[in-house]
Protein chains: 2
Amino acid sequence: MDNDFNKYNEAAEMLKILAHPVRLCIVKGLLENGGCNVSHMQECLGAPQSTISQHLQKLRSAGIVTGSRNGLEIKYTVIDERVKVLLPILFNKR
Amino acid sequence: MDNDFNKYNEAAEMLKILAHPVRLCIVKGLLENGGCNVSHMQECLGAPQSTISQHLQKLRSAGIVTGSRNGLEIKYTVIDERVKVLLPILFNKR
DNA sequence: TCATTATATTTATATATTACGATATACAAA
DNA sequence: TTTGTATATCGTAATATATAAATATAATGA
């Protein structure tokens with residue numbers, strides 16, 4: 001049953017990153033709009049800049065999103081394929 | 001807006017429950033075998049009884065699994081439909 | 001250069017989660 | 001009853017996570 005404990009650890013790591021309302025909101029917004037900068041997220045979520053930035057840092061270091069700078073702004077996009085599949089299912093209306 | 005916020009909170013709550021290697025292993029095992037008792041999980045996972053039982057308590061109070069007693073044993077099964085869909089995707093090999 | 005804007009990092013503190021031994025409960029059989 | 005077995009709950013120390021203010025960096029334009 002537990003041949004591959006790593007498998008469970010990795011999956012749990014990813015879920016742990018997703019398992020926060022602000023991060024879910026960020027990721028869902030990025031998926032639906034194709035990308036977004038930090039200032040816009042701040043407005044939407046009503047959280048201070050440093051808080052948003054720290055959540056983005058987690059998403060980034062987990063390989064879920066990536067940011068590309070364009071002048072002053074940094075535009076974030078979702079790059080993890082599993083997340084692209086999981087999120088719509090998670091928010092599926094039934 | 002409040003509505004949306006609830007949506008993210010609820011989804012995050014569910015993910016947080018799943019986001020633990022032992023609980024993932026339990027749920028995946030239950031899904032694949034159709035059910036299992038605590039003693040068997042203990043053997044498989046090599047964790048003390050109270051630890052397993054506390055993870056089951058979390059899964060139970062989140063409505064992800066339910067247990068039905070049969071004599072001394074309690075057989076657990078997964079009852080959350082989203083989880084039944086999400087887990088196979090999470091562990092899908094590509 | 002300096003000022004401004006967008007984002008990241010550091011630091012401190014508060015809160016939540018985890019693990020596990022000890023103990024309690026539920027049931028069955030003697 | 002009493003004993004043995006399966007599972008649940010309690011107490012709590014160790015660890016992890018969240019938040020936000022303060023500060024730092026990076027890019028741009030005057």
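Lettering of chains follows the sequences in order, A, B, ..., and the numbering in each one begins at 1.
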>> Give the residues of residues 67-75 of chain A touching DNA chain D, defined as any heavy atom closer than 4.0 Å, sorted by residue number.
In response: A/R69, A/G71, A/L72
> Among residues 14-28 of chain A, which contact DNA chain D at a heavy-atom distance under 4.0 Å?
Replying inline: A/K16, A/H20, A/R23
> Step by step, would you call A/L24 with B/K7 a side-chain contact (heavy atoms from CB on, under 4.5 Å)?
Replying inline: CA-CA 10 Å; A/L24 270 182; B/K7 182 172 68 176; over 6 Å; no
So which atom in [X] and which in [Y] form the shortest heavy-atom distance, rounded to 0.1 Å?
X: B/P21; Y: A/Y8; answer: O-CB, 3.8 Å
X: B/V83; Y: B/D80; answer: N-OD1, 3.0 Å
X: B/A11; Y: A/L90; answer: CB-CD2, 3.9 Å

Going by atom type alone, with no hydrogens or angles, which donor-acceptor pairs under 3.5 Å involve a side-chain atom of residues 45-57 of chain B and a protein atom two or more places apart or on another chain?
unit_1	atom_1	unit_2	atom_2	d
B/Q54	NE2	B/S50	O	3.2
B/H55	ND1	B/R23	NH1	3.0
B/Q57	OE1	B/R60	NH1	3.4

Atom pairs and distances, donor-acceptor, side-chain atoms in residues 12-20 of chain B, under 3.5 Å, two or more places apart:
unit_1	atom_1	unit_2	atom_2	d
B/E13	OE2	B/K16	NZ	3.3
B/H20	ND1	B/V22	N	3.0

Show me, pair by pair, the donor-acceptor contacts under 3.5 angstrom made by side chains of residues 63-70 of chain A, not counting sequence neighbours?
unit_1	atom_1	unit_2	atom_2	d
A/R69	NH1	A/G71	O	3.2
A/R69	NH1	A/L72	O	3.4

> Can you list every pair that meets ring pair (Phe, Tyr, Trp, His ring centres under 6.0 Å) and has a residue in residues 64-86 of chain B, with sequence neighbours left out?
Replying inline: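 Pairs touching residues 64-86 of chain B that pass the test: none.
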>> Taking any atom closer than 4.0 angstrom to a non-hydrogen atom of chain B, what span of DNA chain D does the protein reach, first nucleotide to last?
In response: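 In short, chain B contacts DNA chain D from D/dT5 to D/dG11.
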Working to the nearest 0.5 angstrom, can you tell me the gap between [X] [atom1] and [Y] [atom2]?
X: A/L30; Y: A/I79; atom1: CG; atom2: CD1; result: 11.5 Å
X: A/N92; Y: B/R82; atom1: CG; atom2: CZ; result: 10.5 Å
X: A/N9; Y: B/C25; atom1: CG; atom2: SG; result: 10.5 Å

> Taking side chain as C-beta onward, heavy atoms only, is A/L59 less than 4.5 Å from A/V78?
Replying inline: no
> Residues two or more places apart in sequence or in another chain: which of them pass salt bridge (Lys or Arg N to Asp or Glu O under 4.0 Å) with B/E32?
Replying inline: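 Applying salt bridge (Lys or Arg N to Asp or Glu O under 4.0 Å) to B/E32 gives B/K28.
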> Taking only residues two or more places apart in sequence, or in another chain, which ones meet A/K84 in a salt bridge (Lys or Arg N to Asp or Glu O under 4.0 Å)?
Replying inline: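 Once residues adjacent in sequence are excluded, the partners of A/K84 under the salt bridge (Lys or Arg N to Asp or Glu O under 4.0 Å) criterion are A/E81.
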> Does any residue of residues 45-54 of chain A have a heavy atom under 4.0 Å from DNA chain C, and if so, which ones, in number order?
Replying inline: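 Only A/Q49, A/S50, A/S53, A/Q54 qualify.
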> chain B on DNA chain C: first and last contacting nucleotide, 5' to 3', under 4.0 Å to a heavy atom?
Replying inline: C/dT17 to C/dA28
